[in-house]
Enquirer: 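Structure in structure tokens, see below.
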Amino acid sequence: MKKKFFILDGSSLLYRAFYALPLLESKSGEFTNAIYGFSNMLVKLMTEWKPDYLVIAFDAGKKTFRNEMFAEYKGTRKPTPPELLSQIPLLHEMAEAWGISLVELPGYEADDIIGTLANKAVDNGCEAYVVTGDRDALQLVKPDLSVLFTKKGISELKVYDVTAFQEEYDGLDPIQLIDMKGLMGDTSDNIPGVPGVGPKTASKLLAAYGSVEEVLLHIEEIAGKKLQENIRENQQMAILSKKLATIRLDVPVEFDDTAFKITTAGNELTRFYTRYNIKSMLKAIQPFISEGVAVEAASEERLPECQVINDASAAKKLVDECRQAGRISAAAVFSGKIPSVALTGLGVAVNGKRYFVDVSTKGDFGQDSLFFDENAAENELWKILKVLFSDESVVKYIHGLKNYYHANVEVTGKVYDLELIGYLLNPASSKYDVSELAAAFAPTLTAPEKGTDIYNNVSWQAFALEHFSEDMLHQLEEKELEKLYNDMELPLVDVLADMEKNGIYVNRKNLHEQSVAVGKTIADLDKEIRELAGMDFNVNSPKQLGEVLFEKLGLPVIKKTKTGYSTNAEVLNQLRGEHPVIEKILSYRLWTKLKSTYLDGISQLIDSGTNRVHTSFNQTVTATGRLSSSDPNLQNIPVRTEEGKKIRQLFEPGAGYDYLLSADYSQIELRVLAHMSQDENFIKAFKNNEDIHARTAAEVFGIPMEEVTPTLRRHAKAVNFGIVYGISDYGLSQDLGITRKEAAGYIDSYFEKCKGVKTFIDKVVEDAHAKGYVQTAYGRRRELSSINSSNYMQRMLAERMAMNTPIQGTAADIIKLAMIKAHKMIKDAKLKSRILLQVHDELVLEVVESELEAVKSILKDAMENIVSLSVPLSIDISMGKNWAEAK
DNA sequence: ACGGTCACG
DNA sequence: ACGTACGTGACCGTA
């Protein structure tokens with residue numbers, strides 16, 4: 001029996017699969033529907049056709065080429081959706097996972113590779129099969145060479161052998177298809193053909209003469225004067241069109257008896273479909289993979305029973321097992337609030353087994369923090385187990401390291417916090433809890449149902465961590481993020497834990513007094529507003545307020561929102577003078593914001609034990625690498641208005657400390673921009689320690705520094721901000737209240753003067769389009785999946801993110817490193833002073849008088865010298881008896 | 001749960 | 001013609 005050689009048209013199948021299936025997205029953000037469809041096709045071929053050889057032909061070359069290729073398909077000239085383009089690298093991965101050769105040759109189209117190889121396979125004594133969604137391939141049909149044409153998307157295949165072809169094409173010889181095209185053309189492929197010749201005429205001519213060349217030799221005989229004339233005038237076109245339609249059979253590729261055989265390695269295949277979360281495929285591939293892997297894929301059913309450790313000897317045995325394995329995967333349960341947190345339960349996984357240990361001090365595990373007792377004796381089982389976390393020979397795979405620090409667990413040696421690693425791999429995700437990570441990295445592991453008891457739940461988490469950590473670390477290495485983890489995110493955990501534990505003192509008495517006073521102000525304003533409006537309503541309700549202002553009072557509508565009238569500050573400011581109530585409403589808004597968010601909001605979060613607020617610094621929230629702060633958010637305490645500053649006054653040094661000290665980077669983002677862009681003007685200005693916005697104004701408006709007015713400086717400042725945010729003329733015009741044209745003019749002259757910035761921004765955006773992600777100077781990555789979107793708005797947004805992220809993110813990286821260094825220096829110097837807050841470009845410390853100079857010099861060193869850029873980094877230090885004074 | 005609003009860098 | 005500045009979190013009212 002002849003061996004079967006299959007060659008697949010990669011681009012046409014990918015395209016068909018993409019449009020046949022709804023858009024699927026893996027947990028880590030890649031689109032996968034085309035890959036899913038393609039995979040189903042492979043499975044179908046493998047089971048129903050049992051090929052001996054199978055290869056995929058694909059077009060090599062630039063993305064733009066691929067763009068055109070897809071764009072011309074089916075006569076639609078729409079740009080190829082980025083969601084499809086983004087799956088091309090996955091196609092390569094998929095082929096590799098299957099052990100299938102992917103044949104690409106720069107300068108040759110997939111069609112020609114397919115034609116050549118199919119024919120060579122036939123010459124080698126094979127039956128050749130071309131699998132494609134492109135009808136042009138039918139010209140290849142001959143004895144022993146069939147075309148499998150996709151139908152209904154890709155779910156069915158129609159077989160064209162010589163007989164089937166001739167049945168459908170009325171006795172035409174397959175190779176005559178190219179003569180057909182030569183005569184009638186093909187609009188979708190931009191092949192012109194002969195005007196006035198359609199399928200009917202072309203068939204008739206070919207039936208009579210056999211080929212384009214023969215037709216041209218017999219022009220005089222052709223019936224119909226107009227037709228004769230058309231053919232005569234378009235002889236060249238007919239020949240060229242035929243040539244364009246002809247699949248070449250002379251591509252320099254050889255039939256490779258070894259490489260073209262399928263060498264499916266089961267674990268690669270499992271890993272691939274696991275990574276992209278294509279669950280159904282994990283079942284479908286079972287017949288093709290070895291037994292060992294089948295077991296791994298079926299682990300869903302093989303979740304071991306949770307063993308509960310409740311005596312010392314079992315605990316010791318577990319310690320021994322982890323030590324011998326050199327690793328522990330653990331998920332912990334904590335109770336209590338910072339600064340009083342206790343570890344109360346521990347799930348452990350090792351060697352594919354899972355355990356649960358109840359380590360709560362009173363054996364009341366599952367109760368909440370009300371039962372926390374810091375004087376309670378340490379749990380006996382925990383005493384035995386905790387040594388694992390400080391054993392240098394044991395690698396720890398855990399989740400949420402900061403909580404361990406809060407619970408005073410000593411964790412040393414090699415530690416992998418999979419939460420942090422998940423964040424580095426995809427900072428755009430919103431959650432990194434174990435079940436979320438499992439869904440992304442180990443989709444065969446089904447998370448326990450809601451309501452599952454804590455023993456099973458936590459031990460499952462440990463089991464899951466052991467299961468997918470290897471894959472995550474592999475990706476960390478592939479994306480070159482290890483350094484970022486080891487030198488930045490991991491050491492930062494200790495710093496943040498200390499800051500959160502420290503908290504910041506709040507003057508409760510003053511806070512309460514302010515709250516009462518502001519409450520009175522608000523009540524008065526509320527009354528006045530209702531009187532001025534002539535009716536009762538809830539001023540806090542934008543809906544009701546809108547109705548009062550724009551319907552009852554008939555004020556002009558400035559702007560609308562999705563749901564109704566806009567009543568924001570910008571709108572209200574424009575309505576000032578139209579009605580006396582407007583002023584009152586603005587004032588009401590200001591005071592209620594202060595009271596509800598800052599006075600009463602923070603009041604609720606003051607720890608009654610320490611009289612301090614212990615914010616959470618979230619390390620895995622922002623897409624750019626910044627920290628965020630919550631419960632309460634101490635990164636948005638008012639500072640811009642006088643009323644707001646009163647809030648800052650409430651934050652004071654605690655007992656035993658003398659001052660709050662603030663150290664903030666001067667213009668760090670613009671300095672980063674100067675460094676990354678190597679723009680001469682910016683570098684010079686920063687090196688000379690000039691007022692950067694004034695310098696920008698001088699350059700952009702072409703005047704000497706002395707003539708820069710405050711207004712011009714303000715405008716230049718706005719442009720600088722705009723650059724950092726990802727400039728758009730519209731945004732700038734809104735900010736400055738100028739026309740869009742004027743804004744565009746500003747941007748033009750800015751780029752004219754700052755060529756380096758222009759070049760840099762263009763390069764960043766271009767790279768983002770090519771790679772689908774952007775990076776900070778330290779290699780932190782942010783995926784921008786909509787950067788090639790066909791939706792203008794989405795694409796523009798992604799481009800602004802592309803411009804902003806390297807700048808904002810690099811600045812965030814720098815201050816993170818500075819925090820680590822400052823924290824260490826303070827510790828090494830055994831100072832009592834300590835870091836309390838980080839506000840993106842500022843650190844707030846609590847200091848004792850005697851250490852002032854030491855602290856200042858440490859901060860200067862740590863913050864200014866942490867990295868050497870092309871421009872100096874500079875910090876301003878100020879201090880006072882409260883946070884408002886330290887500004 | 002979501003949109004509108006507003007506080008910060 | 002379209003309609004946006006980048007990154008966050010908390011509160012309120014409304015669905």
Side-chain angles (χ1 to χ4, degrees), chain A residues 427-428 430 537-546 559-572 585-586 588-602 604-605 615-618 621-641 643-645 647-648 664-670 673 718-736 740 743 747 774 782 784 791-809 811-812 815 837-843 883 887:
Chain A
S430 59
F537 71 103
N538 185 348
V539 188
N540 280 324
S541 162
K543 185 165 173 272
Q544 294 179 37
L545 180 63
K559 205 168 82 177
K560 286 199 154 194
T561 67
K562 264 190 254 184
T563 51
Y565 310 107
S566 174
T567 66
N568 67 20
E570 195 194 331
V571 169
L572 294 180
I585 294 168
L586 280 163
Y588 177 92
R589 282 256 173 92
L590 183 126
W591 289 115
T592 51
K593 174 84 178 177
L594 292 183
K595 185 168 190 298
S596 65
T597 302
Y598 298 105
L599 296 172
D600 301 347
I602 286 178
Q604 291 180 322
L605 291 162
T615 184
S616 291
F617 284 108
N618 313 304
V621 167
T622 71
T624 54
R626 273 188 177 182
L627 298 175
S628 87
S629 157
S630 58
D631 306 294
N633 181 353
L634 294 184
Q635 288 180 324
N636 72 346
I637 302 301
V639 68
R640 292 171 189 170
T641 62
E643 296 88 338
K645 278 182 189 162
I647 307 282
R648 277 200 179 215
D664 70 303
Y665 277 113
S666 153
Q667 308 289 359
I668 187 166
E669 291 191 346
L670 287 177
L673 172 65
V719 181
N720 277 332
F721 267 91
I723 297 293
V724 170
Y725 289 158
I727 196 87
S728 79
D729 50 14
Y730 179 84
L732 183 63
S733 71
Q734 288 297 297
D735 190 51
L736 286 176
R740 212 172 145 160
I747 295 168
V774 287
R782 177 181 186 180
L784 293 171
N791 180 320
Y792 175 82
M793 291 284 285
Q794 285 194 14
R795 190 172 66 250
M796 285 302 149
L797 176 62
E799 288 187 356
R800 292 196 297 272
M801 291 173 177
M803 300 181 221
N804 172 261
T805 300
I807 303 171
Q808 185 182 120
I815 195 167
L837 306 175
Q838 186 251 44
V839 192
H840 309 307
D841 64 354
E842 169 190 12
L843 297 180
W883 195 3
K887 251 294 164 193

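In what follows, chains carry the letters A, B, and so on, assigned in the order in which the sequence lines appear, proteins first and then strands, with residues in each chain numbered from 1. Worth saying up front: this structure is predicted, and the values here are computed from it rather than measured.
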Enquirer: Just checking A:Met796: base, sugar-phosphate only, or nothing, at a heavy-atom cut-off of under 4.0 Å?
Expert: nothing

Enquirer: Quick check: does any side chain N or O of A:Arg800 sit under 3.5 Å from a backbone N or O of A:Tyr725, one acting as donor and the other as acceptor?
Expert: no

Enquirer: Could you check A:Arg782, A:Met796, A:Gln808 and say which one makes a side-chain contact (heavy atoms from CB on, under 4.5 Å) with A:Met801?
Expert: A:Arg782

Enquirer: Below 4.5 Å, heavy atoms only, C-beta onward: do A:Val639 and A:Arg648 meet side chain to side chain?
Expert: yes

Enquirer: With heavy atoms under 4.0 Å as the rule, sort A:Arg740 into base, sugar-phosphate or nothing.
Expert: base

Enquirer: Say whether, by atom type as modelled, one donor and one acceptor occur between the side chain of A:Gln544 and the main chain of A:Val539 under 3.5 angstrom.
Expert: no

Enquirer: Under 3.5 Å, is there a donor-acceptor pair between the side chain of A:Thr615 and the main chain of A:Pro632?
Expert: yes

Enquirer: Hey, does A:Gly601 reach any base, or is it just sugar-phosphate, or nothing, if we go heavy atoms under 4.0 Å?
Expert: sugar-phosphate

Enquirer: I'd like to check A:Glu669 versus A:Phe721 (side-chain heavy atoms, cut-off strictly below 4.5 Å). Are they in contact?
Expert: no

Enquirer: Using the P atom as the reference point in each nucleotide, state the distance between B:dG4 and C:dG3 in Å, no decimals.
Expert: 15 Å

Enquirer: Could you tell me if the side chain of A:Val724 sits less than 4.5 Å from the side chain of A:Asn804, heavy atoms only?
Expert: yes

Enquirer: Using chain A heavy atoms and a threshold of under 4.0 Å, write down where along DNA chain C the contacts begin and end, 5' to 3'.
Expert: C:dG3 to C:dA15

Enquirer: By nearest heavy atom, map A:Ile602 and A:Ser728 onto DNA chain C; which one lands nearer the 5' end?
Expert: A:Ser728

Enquirer: Does the protein touch nucleotides 2-9 of chain B at the base, only the backbone, or not at all? Give it as B, S and - per nucleotide, heavy atoms under 4.0 Å.
Expert: --SSBBBB

Enquirer: Answer with base, sugar-phosphate or nothing: what part of the nucleic acid does A:Ala718 contact at a heavy-atom distance below 4.0 Å?
Expert: base

Enquirer: Look only at the side chain of A:Ser630 and the backbone of A:Asn633, and say whether a donor-acceptor pair between them is shorter than 3.5 Å.
Expert: no

Enquirer: Report the C-alpha distance between A:Arg589 and A:Glu643 in whole Å, list the side-chain angles of each, state the deciding distance to 0.1 Å, and finish with yes or no for salt bridge (charged side-chain N to carboxylate O under 4.0 Å, His left out).
Expert: CA-CA 12 Å; A:Arg589 282 256 173 92; A:Glu643 296 88 338; over 6 Å; no

Enquirer: Using a heavy-atom cut-off of 4.0 Å across all strands, would you classify A:Asn540 as base, sugar-phosphate, or nothing?
Expert: sugar-phosphate

Enquirer: Please state the P separation for the pair B:dG3 and C:dT4 - nearest whole angstrom.
Expert: 14 Å

Enquirer: Is there a side-chain contact between A:Gln838 and A:Gln635 (heavy atoms, below 4.5 Å)?
Expert: yes

Enquirer: What nucleic acid atoms does A:Met801 come within less than 4.0 Å of, heavy atoms only: base, sugar-phosphate, or nothing?
Expert: sugar-phosphate

Enquirer: So that I can compare with my own list, what are the stems of DNA chain C, taken as at least three consecutive Watson-Crick or G-U pairs with distances under 3.5 Å?
Expert: B:1-9 with C:6-14

Enquirer: Can you tell me if A:Ser733 uses its side chain to pair, donor with acceptor, with the backbone of A:Ala743 under 3.5 Å?
Expert: no

